[in-house]
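Before any comments, here is the structure.
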Amino acid sequence: MKRRNFIKLSGLSTTAILVSSSIPFLSSCSNNDMNMGNNMDMGGNMNMGQPVPVTEGNFSALFAFPPIVGGTTTLTAQNVTANSNEFGNVKGLGYSSGGLLGPTIKVNSGQSMNVNFVNQLNEKTNIHWHGLKIPANMDGHPENFINAGGSFNYNFTVNQRAGLYWYHPHADGTTGKQVFQGLAGLIIVNDSEETALNLPSGNRELPLVIQDKRISAGSILYAPTMMDQMAGLMGQYILVNGVYAPIHNVETAKYRVRILNGSNARIYNLALSNGASFTVIGNDGGLLATPQTVNSLTVAPGERADLIIDFSSMGLNSELFLISKTFIGGNAQGKQEFKIMKFKVTTQVVDNFSIPTTLSSIAPLTESMATKTRNFEISNVDSGSMSGMMMHTINNKSYDANRIDELVPNGAVEIWTFDNTNGQEPHPMHLHGVQFQILNRTGGRGTLTALEKGWKDMALCMPGEKVKVIVPFNGYTGKFVFHCHNLEHEETGMMGQFQVS
């Protein structure tokens with residue numbers, strides 16, 4: 001495969017350790033003592049992972065806002081040490097020396113981004129601008145990586161509607177580890193349509209990056225076993241914006257709470273501890289057409305949820321938790337209810353904001369517009385492809401950088417169906433370079449959720465489900481990838497390539 005000139009940088013070490021010698025890295029195969037016999041049940045069926053219980057903290061650490069930068073900035077992938085009230089100093093990764101995660105990039109629709117990216121890691125990395133429709137050579141294709149010690153200038157124009165997007169590494173073979181150890185950040189795009197709604201802002205706009213981590217001996221550990229490769233790596237500690245078990249003081253008002261599930265594999269079924277309803281106003285692709293009132297909301301890795309939470313009826317000094325409720329999601333997911341973050345009402349105010357009845361104008365796509373239908377079987381697991389490493393496949397094929405799986409004419413409108421009918425694991429499917437609409441879900445939950453209206457770049461397929469999406473390929477030509485955003489599934493083959501021309 002020919003790589004573009006910008007990735008021909010020297011110094012890549014294939015055996016480099018990421019943060020320190022105490023942090024294991026993902027090798028080309030899983031632990032030798034994990035054999036297939038240990039992963040079979042009494043009937044000879046594959047056991048698809050086990051739950052990783054969450055350990056709740058005391059919710060005394062103060063909630064932190066990520067720093068905000070504009071579209072012209074420098075991001076440096078580097079080893080960092082983050083201070084935690086619970087764990088002391090913790091070694092991980094970040095895009096600035098201050099700690100885990102990167103700054104929030106705020107831009108207006110139509111504005112250019114000019115990001116000087118520097119790789120100070122001891123291995124390859126890059127940046128994928130998740131959700132943005134940008135040229136293929138800027139998208140962070142797994143083979144377009146920057147070697148250790150190298151740099152690259154990402155320069156593109158943000159031509160899309162307001163919304164919450166994010167950035168993270170996407171180099172082949174290192175994505176799961178680098179995201180888990182801290183490399184991620186938010187992108188907030190604004191436009192005139194959203195500004196006219198006068199949604200809560202300032203101290204009443206809360207960005208939440210929710211992630212689970214494994215932390216031991218002062219480091220964020222990444223050493224997935226075969227079972228982790230099957231189910232996805234999940235940690236016992238839930239962090240919000242890099243802080244474990246945070247608390248945030250709020251006023252008696254409505255807040256805009258903008259959530260990214262930045263976890264590698266863990267799905268959250270978000271709810272409020274008092275059972276109160278909240279309002280969904282946006283998702284992956286920005287505002288919904290109309291607000292949706294719910295009592296819980298399932299959010300998969302990579303998905304975003306834009307919510308309005310109303311604290312106005314709560315008494316002073318009362319407390320409320322953002323929690324994850326149980327749900328049906330395979331053997332390893334949804335077995336435990338746990339707290340994520342605490343809110344405490346400390347200030348009485350008068351809030352005049354009311355949620356608009358109409359948020360945005362979204363023209364629905366229909367099946368009759370489609371020129372082609374493609375089907376993708378995603379319920380398969382191959383245990384014998386790579387010396388004992390679990391392999392997840394799409395249409396019985398694992399990722400091959402030298403193979404183009406789908407050829408798509410630019411301007412086409414296509415239906416892509418992700419079929420997890422026979423699967424035992426959830427698969428959150430993500431397409432690069434496009435936004436799509438979800439047409440329907442059959443099997444499993446059998447219906448679309450409030451989060452699945454409007455524009456999306458993620459489609460969650462629970463076990464037993466088939467999800468049909470409609471995709472307008474009306475952007476840039478070039479080579480892009482589509483994959484499961486359970487990063488351990490992606491790393492073990494569940495990714496394909498499509499060429500738009």
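For the numbers below, each heavy atom of this structure counts, side chains included, while hydrogens, waters and symmetry mates do not.
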Among pairs that include at least one residue of residues 239-254, which meet side chain to side chain donor-acceptor pair (under 3.5 Å), considering only residues two or more places apart or in two chains?
-> Arg204-Glu251
Is a side-chain donor-acceptor pair under 3.5 Å present for His168 with His128?
-> no
Are a donor atom and an acceptor atom from the side chains of Gln435 and Asp284 found within less than 3.5 Å of each other?
-> no
Is the backbone N or O of Gly454 less than 3.5 Å from a side-chain atom of Asn283, with the two atoms forming a donor-acceptor pair by type?
-> no
Flag, side chain of Arg304 to backbone of Gly302, donor-acceptor distance under 3.5 Å | yes
Got Leu206 and Phe65 here, is their nearest side-chain heavy-atom distance under 4.5 Å?
-> yes
Assess whether ring-ring contact (aromatic ring centres under 6.0 Å, His included) is satisfied between Trp416 and Phe376, documenting all intermediate values.
-> CA-CA 7 Å; Trp416 286 28; Phe376 301 96; 4.8 Å; yes
Glu86 side chain to Ser84 main-chain N or O, any donor-acceptor pair under 3.5 Å?
-> no
Taking the side chain from Thr492 and the backbone from His489, do they hold a donor-acceptor pair closer than 3.5 Å?
-> yes
Trp455 CH2 to Leu287 CG distance, which is reported to the nearest 0.5 Å | 14.5 Å
Heavy-atom neighbours of Lys466 NZ exceed 12 at 6.0 Å = no
In terms of side-chain heavy atoms, does His483 have a donor or acceptor partner in His432 at a distance below 3.5 Å?
-> yes
So which heavy atom on Ile220 is nearest to which on Gln181, and how close?
-> O-NE2, 3.0 Å
All pairs passing side chain to side chain donor-acceptor pair (under 3.5 Å) where residues 307-318 contributes a residue, at least two apart | Asp310-Ser312
Answer yes or no: is there a side-chain heavy-atom contact under 4.5 Å between Leu272 and Phe321?
-> no
Could you tell me which non-hydrogen atom of Leu297 sits nearest to which non-hydrogen atom of Ala450, and how far apart they are?
-> CD1-CB, 4.4 Å
For Val69, enumerate each residue passing the side-chain contact (heavy atoms from CB on, under 4.5 Å) test, keeping only those at least two apart in sequence or located in another chain.
-> Thr73, Pro103, Ile105
Salt-bridge criterion met for Arg256 and Glu194 (N-O under 4.0 Å) = yes
Is there a donor-acceptor pair under 3.5 Å between the side chain of Glu490 and the backbone N or O of Thr175?
-> no
So do the side chains of Pro169 and Ile127 get within less than 4.5 Å of each other, counting heavy atoms only?
-> no
ring-ring contact (aromatic ring centres under 6.0 Å, His included) against Phe311, all qualifying residues, sequence neighbours excluded = Tyr255, Phe343
Scan side-chain atoms only and decide if Ser263 and Asp212 contain a donor-acceptor pair under the 3.5 Å cut-off.
-> yes
When rounded to the nearest 0.5 Å, the distance separating OG1 of Thr279 from CD1 of Ile355 is 3.5 Å
Trace of the side-chain contact (heavy atoms from CB on, under 4.5 Å) decision for Gln160 with Tyr165 | CA-CA 11 Å; Gln160 60 198 91; Tyr165 308 95; 3.4 Å; yes
Minimal non-hydrogen separation, Pro207 against Phe63, with atom names = O-CZ, 3.5 Å
Between Thr449 and Leu451, is there a donor-acceptor pair closer than 3.5 Å when you use the side chain of the first and the backbone of the second?
-> yes
Give, for atom CZ of Phe117 and atom OG1 of Thr76, the distance between the pair rounded to the nearest 0.5 Å.
-> 8.0 Å
Heavy-atom donor-acceptor pair, Gln211 side chain to Asn261 backbone, under 3.5 Å | no
Between Gln178 and Glu123: side-chain donor-acceptor atoms closer than 3.5 Å = yes
Apply salt bridge (charged side-chain N to carboxylate O under 4.0 Å, His left out) to the pair Lys339 and Glu56, showing each step before the final yes or no.
-> CA-CA 7 Å; Lys339 300 180 180 72; Glu56 295 180 348; 3.8 Å; yes
From CA spacing to verdict: side-chain contact (heavy atoms from CB on, under 4.5 Å), Leu460, Arg445 | CA-CA 11 Å; Leu460 175 59; Arg445 292 170 290 168; 3.9 Å; yes
For the pair Arg441 and Glu465, find out whether any cationic side-chain nitrogen is under 4.0 Å from an anionic carboxylate oxygen.
-> yes
For Phe418 and Ile394, what are the C-alpha separation, side-chain angles and deciding distance, and is it a side-chain contact (heavy atoms from CB on, under 4.5 Å)?
-> CA-CA 9 Å; Phe418 296 105; Ile394 300 175; over 6 Å; no
Quick one: do the Ser360 and Arg161 side chains pair a donor with an acceptor below 3.5 Å?
-> yes
Apply salt bridge (charged side-chain N to carboxylate O under 4.0 Å, His left out) to Asp228 and Arg214, showing your working.
-> CA-CA 12 Å; Asp228 293 328; Arg214 295 184 183 181; 3.0 Å; yes
ring-ring contact (aromatic ring centres under 6.0 Å, His included) involving Phe480 - partner list, sequence neighbours excluded = Phe498
Please lay out, stage by stage, how Val240 and Val209 fare under the test side-chain contact (heavy atoms from CB on, under 4.5 Å).
-> CA-CA 5 Å; Val240 180; Val209 181; over 6 Å; no
Check whether the side chains of Asp457 and His130 place a donor and an acceptor atom closer than 3.5 Å, and report yes or no.
-> yes
Has the side chain of Asn264 got a donor or acceptor atom that lies under 3.5 Å from a matching backbone atom of Gly176?
-> yes
Atom CE of Met391 and atom OG of Ser398: how far apart are they, to the nearest 0.5 Å?
-> 4.0 Å
Start with the C-alpha gap between His485 and Trp166, add the side-chain angles, then the distance that decides, and say whether ring-ring contact (aromatic ring centres under 6.0 Å, His included) holds.
-> CA-CA 13 Å; His485 220 286; Trp166 66 301; 5.7 Å; yes
Rounded to the nearest 0.5 angstrom, the CG-OG1 distance for Leu316 and Thr347 is 7.5 Å
Compare every heavy atom of Asn58 with every heavy atom of Ala245, then report the nearest pair and how far apart it is.
-> CB-N, 4.3 Å
Mind listing the closest non-hydrogen atom pair of Asn486 and Gly232 along with its distance?
-> OD1-CA, 3.4 Å
Counting only heavy atoms not in Lys335, do more than 12 sit closer than 6.0 Å to its NZ atom?
-> yes
Residues forming a side-chain contact (heavy atoms from CB on, under 4.5 Å) with Thr290, sequence neighbours excluded | Gln292
Do Arg258 side-chain atoms and Asp306 backbone N/O form a donor-acceptor pair below 3.5 Å?
-> no
List the atom of Val54, the atom of Gly235, and the distance in Å for their closest heavy-atom pair.
-> CG2-O, 4.5 Å
Within 45° of the ring axis of Phe145 and under 6.0 Å from its six-membered ring centre, is that where the NZ or CZ of Lys124 lies?
-> yes
Test item: Asn331 side-chain N/O and Gln424 main-chain N/O as donor-acceptor pair under 3.5 Å | no
Output for pair (Met495 CE, Met429 CE), nearest 0.5 Å, gives 10.5 Å
CG of Leu448: more than 12 outside heavy atoms within 6.0 angstrom?
-> yes
